[in-house]
J.: 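Before I ask anything, let me first share the structure, which is written out below as C-alpha cells.
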Amino acid sequence: MELLSASPAGYELARALTALGTESRDTELLARAVAMARECGADGLVARATEALLRLGGAPPRGSDWQGALTEEERRLAERARDGDPMRTEPERSLLSAVCRKLGTDLTGLAEALNASAASAASAAVSRA
C-alpha cells in the first residue's frame, strides 16, 4: 500500500484500498478508495467501493470541490428519483447517474445524500452570511 501511495498508479491504489478495506471491514480505507477511484474516473470501482462502504454503515465522501453543489435541475431530478419516479428517458438516466456520482452515492443512498447535500448547502449559506 505504501509503494502504491507514492506512485502515480492511482487506479491500482484504489483497487488495493477497495480490496483491503472490504476484507478488513475498514470504512476509512473504503472512503479513501472511493475518493481515489473518483479521481481516476473509474466509475465501476467507485460503485464497488461505495457499495462495500455502505454495507459497513460508512458514508461515502462527498464530491470534491470541483464538482460543486447540485444545480436546480439536478436536485429536481434526484428528488423525483428519490420519490420513486422512474427515469424513462436516456438523458434523465444519464443525468441521474452523474448526480449520484456527484453526491458519492448510488440510488439506494440517494435520499440520505440529498439530505446531507441540503444540510451542507444550508450550512455554507449561513457561514457566508
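Worth knowing before you read on, the calculation uses all heavy atoms, side chains too, and leaves out hydrogens, waters and symmetry mates.
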J.: For Asp106 and Gly109, indicate whether the former's side chain and the latter's backbone hold a donor-acceptor pair under 3.5 Å.
T.: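 Such a contact is found between Asp106 side chain and Gly109 backbone.
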
J.: Before giving the answer on side-chain contact (heavy atoms from CB on, under 4.5 Å), spell out for Leu114 and Arg75 the whole-Å C-alpha distance, their side-chain angles and the decisive distance to 0.1 Å.
T.: CA-CA 8 Å; Leu114 278 172; Arg75 177 163 302 288; 3.5 Å; yes

J.: A side-chain contact here means heavy atoms from C-beta on lying under 4.5 Å apart; do Leu96 and Leu107 qualify?
T.: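 Leu96 vs Leu107: side chains touch.
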
J.: Does a side-chain N-to-carboxylate-O contact under 4.0 Å join Glu12 and Arg15?
T.: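 A salt bridge is present here (some side-chain N lies under 4.0 Å from a carboxylate O).
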
J.: Using a 4.5 Å cut-off on heavy atoms from C-beta on, say whether the side chain of Glu72 contacts that of Arg76.
T.: yes

J.: Testing the basics here: between Thr22 and Ala52, what is the closest heavy-atom pair and its distance to 0.1 Å?
T.: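 That closest heavy-atom pairing would be OG1-CB, 3.6 Å.
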
J.: Using a strict threshold of under 4.0 Å (side-chain N to carboxylate O), is an ion pair present between Glu28 and Arg32?
T.: no

J.: Looking at every non-hydrogen atom in both residues, tell me the closest pair between Gly21 and Leu56 and how far apart they are.
T.: O-CD1, 4.4 Å

J.: Would Met36 end up clustered with Leu20 when hydrophobic side chains under 4.5 Å apart are linked, directly or stepwise?
T.: yes

J.: Tell me the closest heavy-atom pair linking Arg38 and Val46, and the distance in Å.
T.: N-CG2, 3.5 Å

J.: Give the C-alpha distance, both sets of side-chain angles, the deciding distance and a yes or no for side-chain contact (heavy atoms from CB on, under 4.5 Å) between Met87 and Leu77.
T.: CA-CA 9 Å; Met87 300 293 115; Leu77 184 73; 3.3 Å; yes

J.: Identify the two heavy atoms, one from Leu110 and one from Arg82, that lie closest to each other, and give their separation to 0.1 Å.
T.: CD2-N, 4.0 Å

J.: Would you check if the side chain of Glu23 reaches a backbone N or O of Ala19 as a donor-acceptor pair within less than 3.5 Å?
T.: no

J.: Closest heavy-atom contact between Ala33 and Ala49?
T.: CB-CB, 4.1 Å

J.: Which heavy-atom pair separates Thr18 from Leu30 by the least distance, and what is that distance?
T.: O-CD2, 3.7 Å

J.: Quick one: CG on Leu13 to CD on Glu39, what's the gap to the nearest 0.5 Å?
T.: 9.5 Å

J.: Would Glu90 and Arg93 pass as an ion pair if we require N to O under 4.0 Å?
T.: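 Yes, charged N to carboxylate O under 4.0 Å.
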
